[in-house]
Amino acid sequence: MKLDHTHDVAAKSWLESANRSDTPFPLQNLPFGVFKRAGTAERFRGGVALGDQVIDLGALAEAGVLSGLAAQAGDACAQPTLNGFFGMGRQAWRALRHALFALFGQHADSARVAALRPCLVPQSDAQYALPAQIGDYTDFYTSIDHARNIAALLRPDGALSPNFQWMPVAYHGRVSSIGVSGQQVRRPHGQRIAAGKREPEIGPCARLDYELELGIFIGVGNEQGARIPVGSADGHVFGLCLLNDWSARDIQSWESFPLGPFLAKNFATTLSPWIVTMEALAPYRAPWTRAAGDPPPLAYLSSPDTFETGALDIQLEVALETAAHRHNGIPPTRLSRTNFRHQYWTIGQMVAHHTINGCNLRSGDLLGSGTISGPTPQEAGALIELTQGGTAPIPLPTGETRSFLEDGDVVVMRGWCERDGYARIGFGESRGEVLAAKWD
Ligand code: CA
């Protein structure tokens, strides 16, 4: 993917809040979501984050300021889901990005600015919906550090599964319980078995956890029976968001063998409202490497681009806000910080592997990257790793400790990219709150 003038660090917007050094949404970012004004009967429609505002793509389409392919793309974004826009492909995505960049860049004349101001809605007034109608959701497992940590804690033999270094493994997740940031998650009930006991019992999850992941939205799918080669996989991916794969560890450890995750995972998944496009992420690509002695990828999982630019340098962090944080006005406590660059498999390899058997992906399908844990213990993307299976509780500035999540806890995920010579762009935030279990 080529860099162009929309990645120029010097580019500024006439919208002042887009030029502030602390905004995740400068002109170089332009992430897509679906929104309406909160508390109104308005229809949900596409929007793009810029500074502290949302560019209302429904209003923009009506204002008639777009032309050609960008106008067609803008019309597709005026809908309550972005699936149609995703399916138009990279040329249309780029045409709209370039048009928005020109309209909101500092060179727009005053008449243009006056026409565009009514197309802005403050983010503080916005309510978000899922950006697409997600047909299918697949959750991968592509961090070798996470896999090693989990194997040591949950697998009877403590070993990395023998297939891990040969293919990006995954399971099919559930769409119905995916929600957008602000989602309230009821603590699940399930079967779990106490240490030393021979029979399970039913009860509320006692080891509720989060998993820090990136969500990967498929833009253009493939015909059933035809595969997506790894070398062209990038053209099929629209963009990335933050993803919290809520996980009930006690339910998971009892149910997962032999068929894998089921009720421990399918009760909730939370996404950030904004999808950062692959186009915006282009400057933050990085070489993808394999440790000496690890098997090289099979040919269908390898291309020159895989090695040269397959990784993405995305910084990520998880913070926790308990009821006591809120009560005492203490900001959320950071639990860990890591980077997507450490992932053992690339996004292109996930897409290529998903379709190697002819499985058809569709516009709006969602892939989870799998928990993103880095090489050091402090870079773990889940509590079960950070607390070593709950044996090393984390002290909080409220005087509390946490081994696993408690009722009222809010999990906050953030992500951003920065590189010398380029703008700092962010994903914004994903928040999800734990509600007390309810049986009747
Ligand atoms: Ca996961």
Side-chain angles (χ1 to χ4, degrees), residues 20-26 29 31 49 123 142-146 149-150 180-183 185 208-216 239-247 269-276 280-281 284 286 311-322 325-326 330-343 368-388 392-398 400-406 409-419 422-434:
R20 287 210 307 255
S21 60
D22 62 344
T23 182
F25 309 123
N29 193 349
Q123 283 164 28
T142 64
S143 159
I144 198 165
D145 299 300
H146 172 70
N149 294 341
I150 290 294
V180 75
S181 180
Q183 188 177 26
V185 176
L208 184 60
D209 202 352
Y210 60 80
E211 289 189 342
L212 168 65
E213 304 194 17
L214 286 171
I216 300 153
L240 310 182
C241 65
L242 303 168
L243 185 153
N244 181 356
D245 175 23
W246 300 89
S247 299
T269 304
T270 306
L271 306 184
S272 60
W274 298 112
I275 306 175
V276 178
L281 290 167
Y284 316 99
L312 271 166
D313 186 350
I314 301 174
Q315 304 200 46
L316 297 154
E317 68 176 27
V318 182
L320 184 70
E321 178 192 280
T322 71
H325 281 86
R326 289 191 291 280
I330 300 173
T333 301
R334 189 167 77 200
L335 300 180
S336 69
R337 186 164 161 183
T338 186
N339 195 302
F340 187 58
R341 162 186 81 199
H342 302 303
Q343 234 50 10
S369 64
T371 306
I372 301 163
S373 293
T376 69
Q378 300 80 13
E379 293 171 281
L383 276 175
I384 190 170
E385 296 167 73
L386 290 171
T387 67
Q388 296 160 46
I394 299 168
L396 299 174
T398 52
E400 306 167 283
T401 63
R402 282 294 181 276
S403 300
F404 291 97
L405 297 172
E406 297 193 7
D409 285 358
V410 172
V411 176
V412 184
M413 295 180 172
R414 300 189 188 98
W416 65 95
C417 299
E418 48 194 352
R419 181 181 158 197
Y422 292 91
R424 181 185 192 276
I425 65 169
F427 286 75
E429 236 179 41
S430 167
R431 295 170 65 89
E433 180 179 1
V434 179

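These numbers come from the heavy atoms of this one structure, side chains and all, not from hydrogens, waters or symmetry mates.
With a 4.5 Å cut-off on side-chain heavy atoms, R402 and L396 count as touching. Annotation: side chain of Q343 is not in contact with side chain of L214 (no heavy-atom distance under 4.5 Å). By the 4.5 Å heavy-atom criterion applied to side chains, T371 and E385 are counted as neighbours. I425 has its side chain within reach of L281: a pair of non-hydrogen atoms, C-beta onward, lies under 4.5 Å apart. Taking the side chain as every heavy atom from C-beta outward, P393 and T387 never approach each other to under 4.5 Å. The closest side-chain heavy-atom distance from L405 to L320 is below 4.5 Å. Side-chain contact between I394 and L383: present, with at least one pair of heavy atoms (C-beta onward) separated by less than 4.5 Å. Between L312 and L240, some side-chain heavy-atom pair lies under the 4.5 Å cut-off.
Closest approach of W416 to F427, counting heavy atoms only: N-CD1, 4.1 Å. A pairwise comparison of heavy atoms in C417 and I314 identifies SG-CG1, 3.7 Å as the closest pair. Shown here for A382 and Y210, the closest heavy-atom pair between the two residues is CB-O, 3.3 Å. Listed here is the closest heavy atom pair of V434 and E406: CB-O, 3.7 Å. Contact record, H146 with S373: CB-OG, 3.6 Å, taken as the closest heavy-atom pair.
With sequence neighbours left out, Q378 forms a side chain to side chain contact (heavy atoms under 4.5 Å, CB included) with T376. In this structure, E433 has no salt bridge (charged side-chain N to carboxylate O under 4.0 Å, His left out) partners at least two apart in sequence or on a different chain. In this structure R419 satisfies the salt bridge (charged side-chain N to carboxylate O under 4.0 Å, His left out) test with no other residue, sequence neighbours excluded. Listed by chain and residue number, C241, L242, S430 satisfy the side chain to side chain contact (heavy atoms under 4.5 Å, CB included) test with S272 (two or more places apart in sequence, or in another chain). For the side chain to side chain contact (heavy atoms under 4.5 Å, CB included) test, residues two or more places apart in sequence or in another chain that qualify with P273 are Y128, V180, S181. In this view, R334 and E317 satisfy the salt bridge (charged side-chain N to carboxylate O under 4.0 Å, His left out) rule, not counting sequence neighbours.
One finds the OG1 atom of T269 at 10.0 Å from the CH2 atom of W246 (value rounded to the nearest 0.5 Å). Between atom CZ of residue R341 and atom CD of residue Q315 there is a gap of 7.5 Å, rounded to the nearest 0.5 Å. From Y284, atom OH reaches atom CG of D313 across 10.0 Å, with rounding to the nearest 0.5 Å. Atom CG of L212 and atom CD of E379 lie 11.5 Å apart (nearest 0.5 Å). Separating the CD1 atom in I144 from the CG atom in N149 is a distance of 11.0 Å, to the nearest 0.5 Å. For the atom pair CD of E400 and CG of D409, the computed distance is 7.5 Å after rounding to the nearest 0.5 Å.
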Steps toward side chain to side chain contact (heavy atoms under 4.5 Å, CB included) verdict (R326, V410): CA-CA 10 Å; R326 289 191 291 280; V410 172; 3.3 Å; yes
Trace of the side chain to side chain contact (heavy atoms under 4.5 Å, CB included) decision for V412 with E429: CA-CA 7 Å; V412 184; E429 236 179 41; 3.6 Å; yes
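A donor-acceptor contact shorter than 3.5 Å links the side chain of N29 to the backbone of G426. Here the side chain of S247 pairs no donor or acceptor atom with the backbone of D209 at under 3.5 angstrom. Listed for the E213 side chain is a donor-acceptor partner under 3.5 Å among the backbone atoms of G370.
Applying side-chain contact (heavy atoms from CB on, under 4.5 Å) to H325 and the options P397, P332, P331 leaves one that passes, P397.
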